[in-house]
Visitor: 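Here it is, the structure in full.
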Amino acid sequence: MALPMCGRLLYLNCRKIHRLSPIYRTICSQGSSDKYDYDLLVIGGGSGGLACAKEAAQYDKKVMVLDYVDPTPKGTKWGLGGTCVNVGCIPKKLMHQAALLGEAIDDSRKYGWQVQDDVTHSWDTLVAGVQNHVKSLNWGHRIQLKDKNVQYMNAKGSFVDNHTVKAVTAKGKEELVTAENIVLATGMRPRYPKIPGALEYGITSDDIFSLKKPPGRTLVIGGSYVALECAGFLNGLGFPTSVMVRSICLRGFDQQMARLVTDQMQSKGVEFLWHIVPQQLEQTQDGHLTMTWMDGNGVSGHLHYDTVMFAIGRDPETSSLNLDLAGVELTASGKIASKNGEQSSVPHIYALGDILQGGIELTPVAIKAGKLLAHRLFGNQTLTMDYEKVATTVFTPLEYSCVGLSEEAAIERHGEENIEVYHAFYKPVEFSVAERTAEFCYIKAICTGDGDQRILGLHITGPHAGEMMQGFAAAVKCGLTYHQLASTVGIHPTSAEEVAKLHITKRSGLDPTVTGC
């Protein structure tokens, strides 16, 4: 049936649908599938979900995003944007930078700056600055969704059936929404140990970036990159910091590099408590915390802190989605079982980001996968996400960045006799006048042993290692060989040029320390 003239005009102006009355909103929706309310419903307003939603909207599809954050046991909550924006990458990098600036103040004296000895740091000022930036990003995401005509609802979504989702607001208002395609992008949340007092008195990375008072003497429990990053900037800001580790740090990363990271942190004053686990967390009458611990031999003891932060891992936010009602299969860990890339066991239901089995728990990965999924769903494109050779950086005081295989993984996959490792200890030129130790600044390229020696993995510890790695990561993804790397002329004087100058192999047994300029 033809629309009346006013209806046709409104239909052409559907990008302003949110301003229309319900009757005209219905008229405008007739260009979409008549069977469902939306072409795409995204549950989860993190980086991957938002990227997918905004990209899909460019195809003039009806798109809705549901996002809701359950407060932490301490009551911490946040706005649109997911972990990265609110309690992950962004505030972490800013606090990392704050700690580096403190170190730069010390260096500046050797460079001639007359800096007073009693320079102090204000935790309140730092938190306010970080949170102001985070809130600006929250607002920016909401504006972008509005500009792209993506319907946003601050509500928690759960399945009724495989095309129907119940959205519940914080005030308990319920609404049923149907969609032809559904994307799950709910992310993960920090795990608490099952010990007395953990929920009552401990915090996680969900709390640390908005902590109302300075953390004081802090215990970080866990050997994850989150644990080391937070311990690193807390120590750099002047708070006595200890790290309790059950076994090893940076599991899944190259362990030679992991040891360099922890050794450097120890040299800067971070205390590592190896091979012990927490047993109970109690609060004393004066508000301080007592942690009871035990080692592998059954020996126990007590430690006293102002703040205890758990960073022992993260769990997927899938338990409240009622996935069984939609027929979506889960793995034993609670992640979405992948049947074909991001596709779940139900053909029109997809998963992005941290909750996807076989994915990589990194923001840029979720964003890229989300955009590509939207193009396949609505743009007749076929390109899928490549989860191989994705670079990442651990923002510890001395950054660690890598792309490709660890040395352990390369040996397991190719055999030790079939790989060649080029390596070097180097000294950033800016360390010289400041008289900083460079014993932990290290580079290694793991290559195949034959032919042009294709680079399987590249690893760097050093200042701004993440910035150094980005360009090399593109080259490694394109199949960079050692001979191509060695034929590249470096930019002098930079730390990055030391990558192109690698020439000593581990197998040779020669000293890999770089000398001269």
Visitor: First locate atom CG of L480, then atom CD1 of I455, and finally report the distance between them rounded to the nearest 0.5 Å.
Guide: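 With rounding to 0.5 Å, CG (L480) is 4.0 Å from CD1 (I455).
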
Visitor: Closest heavy-atom contact between S338 and L356?
Guide: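 Scanning both residues completely, I find the closest heavy atoms to be CB-CD1, 3.9 Å.
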
Visitor: Considering residues, nucleotides and ligands other than E416, do more than 12 of their heavy atoms fall under 6.0 Å from its CD?
Guide: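 Incorrect, the count does not exceed 12.
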
Visitor: Centres of the Y111 and W113 rings: under 6.0 Å?
Guide: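 Here the rings of W113 and Y111 have centres that are no less than 6.0 Å from each other.
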
Visitor: Test your reading of the model: is there a side-chain donor-acceptor pair from T218 to the backbone of G216, 3.5 Å cut-off?
Guide: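 The answer is yes, because a donor-acceptor pair under 3.5 Å joins these two groups.
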
Visitor: Crowded around W274 CH2? As in, over 12 foreign heavy atoms under 6.0 Å?
Guide: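 Correct, the count exceeds 12.
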
Visitor: Parallel, tilted or perpendicular, judged at 30° and 60°: which one describes the rings of F233 and F209?
Guide: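 Correct class here is tilted.
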
Visitor: Above 12 or not: heavy atoms from other molecules or residues under 6.0 Å from NE2 of H464?
Guide: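 No, because the 6.0 Å sphere around NE2 of H464 holds 12 heavy atoms or fewer from other groups.
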
Visitor: Does E467, at its CD atom, have more than 12 non-hydrogen atoms belonging to other residues, nucleotides or ligands within less than 6.0 Å?
Guide: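 Not buried by this count: 12 neighbours or fewer within 6.0 Å.
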
Visitor: Checking the side chain of R189 only, and the main-chain atoms of D70 only, is there a donor and an acceptor separated by less than 3.5 Å?
Guide: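 Here the side-chain-to-backbone pair exists.
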
Visitor: Are there more than 12 heavy atoms of other residues, nucleotides or ligands under 6.0 Å from atom CD of Q283?
Guide: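 Yes.
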
Visitor: My understanding is that only one of E407, H459, H423 makes a side-chain hydrogen bond (donor to acceptor under 3.5 Å, both in side chains) with K444; could you say which?
Guide: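 Between K444 and the candidates, side-chain hydrogen bond (donor to acceptor under 3.5 Å, both in side chains) is satisfied uniquely by E407.
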
Visitor: Counting heavy atoms not belonging to I491, are there more than 12 under 6.0 Å from its CD1?
Guide: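 Incorrect, the count does not exceed 12.
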
Visitor: Is it true that the side chains of Q453 and Y422 contain a donor and an acceptor less than 3.5 Å apart?
Guide: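 A donor-acceptor contact under 3.5 Å links the two side chains.
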
Visitor: Side chains of T72 and D207: donor-acceptor distance under 3.5 Å anywhere?
Guide: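 Judged by distance alone, the side chains do pair up.
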
Visitor: Looking only at non-hydrogen atoms, find the nearest pair between F272 and C249 and report the distance.
Guide: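 Heavy atoms of F272 and C249 come nearest at CE2-SG, 4.0 Å.
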
Visitor: Nearest 0.5 Å, what's the OG1-CD distance between T384 and E342?
Guide: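 Going from OG1 on T384 over to CD on E342, the span is 7.5 Å.
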
Visitor: Using side-chain hydrogen bond (donor to acceptor under 3.5 Å, both in side chains), reason through Q256 and Y442 one step at a time and then give a plain yes or no.
Guide: CA-CA 10 Å; Q256 179 190 10; Y442 180 71; 3.2 Å; yes

Visitor: Between E103 and K268, does any side-chain N to carboxylate O distance fall below 4.0 Å?
Guide: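 Looking at E103 and K268, the cut-off is met.
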
